[in-house]
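I have placed the structure first, in the form of structure tokens, so that the comments after it can refer back to it.
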Amino acid sequence: MNIIRRRKLVGWIVRHRWVFPALIISLILHLSFLAANPGKVFNMPGKYGADISTFGSRDAALYAKMADQMLTKHIYGYNDDEPNARITPGQPVYLAASFMLADVAHVSRLKTVQVFNLMMSVGTVFIVFYLSIMLGGTNSVALLASLLYATYFSPLHFFRTTLTETPAIFLAYLSLYLYIKTINVKNLRPHFLFSICFCVAVLFRPTPAPLIVLAAMPVLFRHSGRDCLRIFTMWALGAALIFGPWFLRNYLVFHELMFTSHGGNPLLAGANPFFADQYPTMLREARESGLGQGGFAFARILAGFNEHPDLWLAWFTAGKAYWLFRVPAAWLGYLPNFASFNFFVYGAQYFILIFSAIFSVMYGVGARKYLKVTILGYVVLSLFFLPNSRYGFFAIPGMIVMAALGTNQALLYCKGIFTIVKIRTMEVISPRKKSGIAKDSVVADLAGD
């Protein structure tokens with residue numbers, strides 16, 4: 001039995017050997033950052049405050065407080081001592097479960113969360129590799145993608161915080177992997193598993209939720225009416241299982257079937273072309289309008305497009321896209337001590353942006369279209385809200401897969417052009433060589449006569 005197990009283990013290692021370099025590099029980098037814990041926010045409590053320096057940001061500190069409040073006072077309230085529904089329960093429940101486990105084991109709550117985040121962050125490298133393989137990439141292309149993500153800076157910051165980035169990205173790309181793997185399958189169990197994974201990811205980060213509409217379209221085209229009904233029933237059951245308790249809680253507490261009441265802030269903050277207005281002023285105007293933050297944001301956007309369409313169109317396209325991807329999320333908090341890595345960090349960022357753009361304009365066949373539509377769909381959704389590099393980071397793993405595939409296609413295209421040029425050059429040169437040989441032979445014959 002031991003021999004059989006060893007053979008299976010060796011066989012598994014051999015089959016997955018291409019991903020190990022990226023996994024090892026990612027693990028070493030994560031452990032190094034966990035041990036050294038660099039970054040301004042973690043090491044300047046006098047400037048940022050003790051809670052922010054402990055958990056990584058104001059939102060992170062509020063999440064940690066929320067989880068502790070759930071355990072000690074049995075209150076679900078974000079930045080409040082009273083129950084509210086401003087935050088979906090994915091991150092608070094995850095933190096509360098981690099804190100509870102840490103208390104039972106008598107270890108640090110924060111370290112427990114960081115270790116779980118580390119496992120998911122390194123696991124995302126694994127997902128990036130096999131997502132690349134699934135989309136038709138070779139082992140070398142998948143290795144390039146996984147190495148890009150393993151050395152991308154932002155995960156090394158966020159896994160040490162109690163923010164949503166690490167678990168949300170892991171679950172979102174795991175659900176994308178499951179979706180692409182099961183899109184042509186009629187067996188209902190994989191579709192149910194995809195639904196569960198996607199819905200849990202949405203509880204961490206609600207923004208991708210509308211993408212389920214795009215996910216439903218290939219199902220409608222690829223399956224019969226009866227199979228579509230069965231698949232969508234599985235999706236609905238998964239959603240009911242995950243979202244049901246949250247909707248029920250909100251109905252019992254607030255007598256409303258609300259999903260979240262936190263959408264106004266990022267929408268209002270994003271309705272500010274090139275940050276020309278002060279945000280506190282916008283909040284005051286929203287209160288005075290009586291429309292609420294969300295309603296005031298929509299009114300402001302409509303008025304802006306009517307009065308200055310060129311400015312607002314530029315802001316809601318190139319302007320926000322620039323702010324989403326202008327710099328890897330959290331990088332500026334590591335300057336000037338890490339300034340010597342600027343060239344590498346920005347070089348990787350621009351490489352990902354350029355080659356993922358190349359991939360996006362190329363004709364995608366098969367499952368590659370799903371990745372392209374998913375990432376572009378998420379970016380378009382993000383353009384409605386506050387343009388923040390944290391939101392841009394959410395798209396980076398998918399963009400890295402696109403960049404690796406785009407690099408491969410660009411190289412193949414260049415190779416094809418080079419081959420054509422070589423053939424055409426040989427066609428031009430060859431007749432000259434033949435005519436030259438013929439002329440020499442004629443001269444030699446004449447000389448012999």
Side-chain angles (χ1 to χ4, degrees), residues 14-26 125-153 173 176-177 180 318 321-322 324-328 341-377 379 392 395-441:
V14 170
R15 287 195 305 273
H16 299 273
R17 64 188 180 279
W18 282 88
V19 73
F20 282 129
L23 290 176
I24 292 170
I25 290 172
S26 179
V125 176
F126 197 86
I127 294 172
V128 165
F129 182 92
Y130 282 99
L131 189 57
S132 303
I133 292 289
M134 183 184 295
L135 297 179
T138 61
N139 283 325
S140 56
V141 171
L143 179 60
L144 171 62
S146 57
L147 285 173
L148 278 172
Y149 192 73
T151 55
Y152 191 77
F153 170 77
Y173 284 93
L176 177 60
Y177 176 86
I180 295 175
Y322 167 76
L324 282 172
F325 301 110
R326 69 190 182 96
V327 61
F341 294 96
N342 251 342
F343 179 79
F344 175 79
V345 170
Y346 280 97
Q349 182 79 355
Y350 296 144
F351 176 86
I352 293 166
L353 294 176
I354 291 169
F355 281 93
S356 61
I358 290 174
F359 178 84
S360 66
V361 299
M362 289 179 174
Y363 175 71
V365 295
R368 295 187 179 194
K369 290 185 290 188
Y370 305 143
L371 174 66
K372 184 190 302 186
V373 171
T374 299
I375 299 303
L376 291 178
V379 172
I396 288 295
M399 294 176 70
I400 284 176
V401 175
M402 291 169 63
L405 294 169
T407 302
N408 185 54
Q409 290 199 7
L411 290 174
L412 292 175
Y413 184 73
C414 292
K415 182 180 178 182
I417 292 177
F418 176 77
T419 302
I420 292 172
V421 171
K422 183 178 179 181
I423 291 172
R424 295 291 183 264
T425 304
M426 292 302 296
E427 289 176 351
V428 173
I429 294 174
S430 295
R432 293 181 180 177
K433 285 185 175 180
K434 291 178 181 177
S435 61
I437 293 171
K439 183 178 181 181
D440 290 344
S441 60

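What you are looking at is a predicted structure, and each value in this text was computed from that prediction instead of being measured. Here, residue 1 is the first one in the sequence, and each next residue gets the next number.
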In this structure, OG1 of T407 is separated from CZ of F359 (nearest 0.5 Å) by 11.0 Å

(message) Suppose we call two aromatic rings close when their centres sit under 6.0 Å apart. Are Y177 and Y173 close by that rule?
(response) no

Check: Can you check whether I375 reaches M402 side chain to side chain, under 4.5 Å on heavy atoms?
Finding: yes

Taken to the nearest 0.5 Å, the spacing of R368 CZ from L371 CG works out to 9.5 Å

For A367 and I180, the nearest pair of non-hydrogen atoms, with its separation, is CB-CG2, 3.5 Å

Next on the checklist: Please evaluate residues T151 and F344 with respect to the criterion side chain to side chain contact (heavy atoms under 4.5 Å, CB included), reporting the C-alpha separation (whole Å), side-chain torsions for both, the decisive distance (0.1 Å), and the verdict.
Outcome noted: CA-CA 10 Å; T151 55; F344 175 79; 3.9 Å; yes

Heavy-atom nearest pair, A22 first then S146, reads CB-OG, 3.3 Å

What one should report as the nearest heavy-atom pair of V345 and P328 is CG1-CG, 3.5 Å

The reported gap from NZ in K372 to CG in L405 (rounded to nearest 0.5 angstrom) is 10.5 Å

Practice task
Verify the ring-centre separation between F126 and Y130: is it less than 6.0 angstrom?
Solution key: yes

I'd like to check F325 versus M399 (side-chain heavy atoms, cut-off strictly below 4.5 Å). Are they in contact?
yes

Y152 meets the side-chain hydrogen bond (donor to acceptor under 3.5 Å, both in side chains) criterion, sequence neighbours left out, with Q349

In this structure, CZ of F20 is separated from CZ of F129 (nearest 0.5 Å) by 10.0 Å

Rounded to the nearest 0.5 Å, the CG atom of L143 sits from the OG1 atom of T138 at a distance of 9.5 Å

* Just wondering, more than 12 heavy atoms not from Y346 lying within 6.0 Å of its OH? -> yes

When rounded to the nearest 0.5 Å, the distance separating CD1 of I352 from CD1 of I400 is 4.0 Å

Tightest non-hydrogen contact, residues A150 and S26, listed as CB-CB, 3.8 Å

By ring pair (Phe, Tyr, Trp, His ring centres under 6.0 Å), Y413 pairs with (sequence neighbours left out) none

Hits for side-chain hydrogen bond (donor to acceptor under 3.5 Å, both in side chains) against N139, two or more places apart or cross-chain, chain-then-number order -> none

**Request:** Please tell me if the side chains of P397 and I127 come closer than 4.5 Å, counting only heavy atoms from C-beta onward.
**Result:** no

